Asks: 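To start, I am sharing the structure in question, which I have written as structure tokens.
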There are 2 protein chains.
Amino acid sequence: MDWQALRQRALKDTKRAVATSVDDDNLITQAISAMEDVDRAANTLTRRLREWYELYSPEFSKAVDDNEAFVRRVLEKPREEQLRELGLHETMGADLERADVQESERLAKAIKALREERDQLESYLDRVMLRRCPNVLVLAGPTIGARLLREAGSLKRLAMVQASTIQLYGAEKALFRHLKTGAKPPKHGHLINHPLLAKAGKEDKGKVARALADKISIAAKVDYFKGEPIGETLKQQLEARFG
Amino acid sequence: MDWQALRQRALKDTKRAVATSVDDDNLITQAISAMEDVDRAANTLTRRLREWYELYSPEFSKAVDDNEAFVRRVLEKPREEQLRELGLHETMGADLERADVQESERLAKAIKALREERDQLESYLDRVMLRRCPNVLVLAGPTIGARLLREAGSLKRLAMVQASTIQLYGAEKALFRHLKTGAKPPKHGHLINHPLLAKAGKEDKGKVARALADKISIAAKVDYFKGEPIGETLKQQLEARFG
């Protein structure tokens, strides 16, 4: 292959890499936002389903706090079984016709389908981030990682901003309240949902968030400049310190 | 059948009728609220889908205003056909991988399923209202009728309140603004979506709303006291006057 052809090839590859990378940032932003919207829709509809189903089986709805479990079990178990599991012999719910109960069960099915779509979107997010920013993915997970990338606007910007900015993405409201009224400054935004922060005691959360943001910042730089994989190492360092 | 047995039977029937009627008011309230929630969820997700799909086929999204048609046609037609229909040879959209496009199409499928659930809820609403308040149903249709019944709290109350109250159900905010600031009083609330009001000129809407509310009030009384069907007659009177 001569010099000219090589140059052409490299140019084409680079252009294509640029085009692909731009799209991936957009795809990640769209996928995480879609996932959040689907999630919110499923939760709103589950609240509605609860209110409706409580006409029929109020004790069961009160007993099952978790929204996802509630919907699943409405579909799995008839009312008699729900009551038996709770050790009850009768219900305060109305004796609705089967046809009326079926309507609420159909709503439950629609909610279940939304949850499945949500899970599909999450695994898609995982795939796109694996090809776009594998190191950020390892450290932050698909949901938090995608939110940080969305706030930054692109992987490029996520690689450029200070770690302290990453630490506070998602806490803009609290930050401006702090600047305006002198209220306590926020210690974390989207990072609050990270397993390491969930595990940390209240007084350590700020410290963990700062360390995590530092590592994510490094990971974003490595991802953007296509460096050697470093995510696992960074993650182990964090876990050794706070895990 | 002796007197005693007859009395027992009548008592049982009445009790059962009362229980059934209470449930139906609740069922109507739940069904209309579920329908509204599902509708809102479908619209939110369609806005999200548009934003996402515009990365790929922006001209098509701009060309199809109607949300429902947009979702349907995303699923029916590949991008080349969408463009051909618009008389375009190329798109400003990115050349996404098929796998990436499929993700947005799966979201479109989820939205389509929600719309189907919405339609199912509407036809259920229609069935319950047909057994509970057939005359109100004829005059107001399932959606407006159910909203009025929900605002009233029960068919009983809908039969008792003044027609002017029915006229303003759904316009509470404007009413209180009127009372507080002396702004113009509202002329209609939920009734604004009725075909007769849609047809009426701006200056007639108040008059039509008042007449419609009068007739709905009569229909609600007949429904509550189980009188002879009167909905069609009332409807024809309205149509003769305003249709």
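Predicted model, so just to flag it, every value in this text is computed and none were measured. Throughout, protein chains are lettered first and strands after them, A, B, ... in sequence-line order, and every chain is numbered starting at 1.
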Asks: Rounded at 0.5 Å granularity, tell me how far CZ in Arg40(B) sits from CZ in Arg48(A).
Replies: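 It is 8.5 Å, given to the nearest 0.5 Å.
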Asks: When rounded to the nearest 0.5 angstrom, what distance separates CD1 in Ile111(B) from CD in Glu117(A)?
Replies: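 CD of Glu117(A) is found 8.5 Å from CD1 of Ile111(B).
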Asks: Would you mind checking which part of Leu45(A) comes under 4.5 Å of any heavy atom in chain B, side chain (CB onward), backbone (N, CA, C, O), both or neither?
Replies: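 For Leu45(A), side-chain heavy atoms alone lie under 4.5 Å from chain B.
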Asks: Can you tell me how far NZ of Lys109(B) sits from CD of Gln120(A), rounded to the nearest 0.5 angstrom?
Replies: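 Separation between the atoms: 10.5 Å.
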Asks: When you look at NZ of Lys221(B), are more than 12 heavy atoms from neighbouring residues, nucleotides or ligands closer to it than 6.0 Å?
Replies: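 Buried by this count: over 12 neighbours within 6.0 Å.
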Asks: Locate the shortest heavy-atom distance separating Leu121(A) from Arg106(B); write the atom from each residue and the value.
Replies: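 Between these two residues, the closest heavy atoms are N-NH2, 3.7 Å.
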Asks: Please round to the nearest 0.5 Å and tell me the distance separating atom CE of Met35(A) and atom CG of Leu107(B).
Replies: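 Reported to 0.5 Å precision, the distance equals 13.0 Å.
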Asks: Could you check whether atom CZ of Arg157(A) has more than 12 heavy atoms from other residues, nucleotides or ligands sitting under 6.0 Å from it?
Replies: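 No, because the 6.0 Å sphere around CZ of Arg157(A) holds 12 heavy atoms or fewer from other groups.
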Asks: Any side-chain heavy-atom pair from Leu27(A) and Trp52(B) closer than 4.5 angstrom?
Replies: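 Yes, close enough: below the 4.5 Å cut-off.
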Asks: Does the pair Asp100(B)/Arg132(A) count as a salt bridge with the N-to-O cut at 4.0 Å?
Replies: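 Salt bridge flag = no for Arg132(A) with Asp100(B).
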Asks: Heavy-atom distances under 4.5 Å only: say whether Arg127(A) touches chain B with side chain, backbone, both or neither.
Replies: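 Arg127(A) touches chain B through side-chain heavy atoms alone.
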Asks: Relative to chain B, which of Ala34(A), Ser104(A), Ala99(A) shows the most heavy atom pairs under 4.5 Å?
Replies: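 Most heavy-atom pairs within the cutoff with chain B belong to Ala34(A).
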Asks: Determine whether more than 12 heavy atoms belonging to other residues, nucleotides or ligands lie under 6.0 Å from atom CD of Glu76(A).
Replies: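 More than 12 heavy atoms, drawn from other residues, nucleotides or ligands, come within 6.0 Å of this atom.
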Asks: Do you know which of Glu51(A), Glu116(A), Arg47(A), Glu103(A) has the most heavy-atom pairs with chain B at a distance under 4.5 angstrom?
Replies: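 Sorted descending by pairs with chain B, the first entry is Glu103(A).
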Asks: If you count every heavy atom of other residues, nucleotides or ligands that lies below 6.0 Å from Arg7(B) atom CZ, does the total exceed 12?
Replies: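 No, because the 6.0 Å sphere around CZ of Arg7(B) holds 12 heavy atoms or fewer from other groups.
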Asks: Could you tell me which portion of Ala113(B) (side chain, backbone, both or neither) has an atom closer than 4.5 angstrom to a non-hydrogen atom of chain A?
Replies: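 Neither; nothing under 4.5 Å.
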Asks: Counting heavy-atom pairs under 4.5 Å with chain A, which one of Val128(B), Thr29(B), Asp95(B), Leu55(B) comes out on top?
Replies: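 Most heavy-atom pairs under 4.5 Å with chain A: Leu55(B).
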Asks: Can you tell which part of Leu96(B) gets under 4.5 Å to a heavy atom of chain A, answering side chain, backbone, both or neither?
Replies: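 Answer is side chain: those atoms of Leu96(B) sit under 4.5 Å from chain A.
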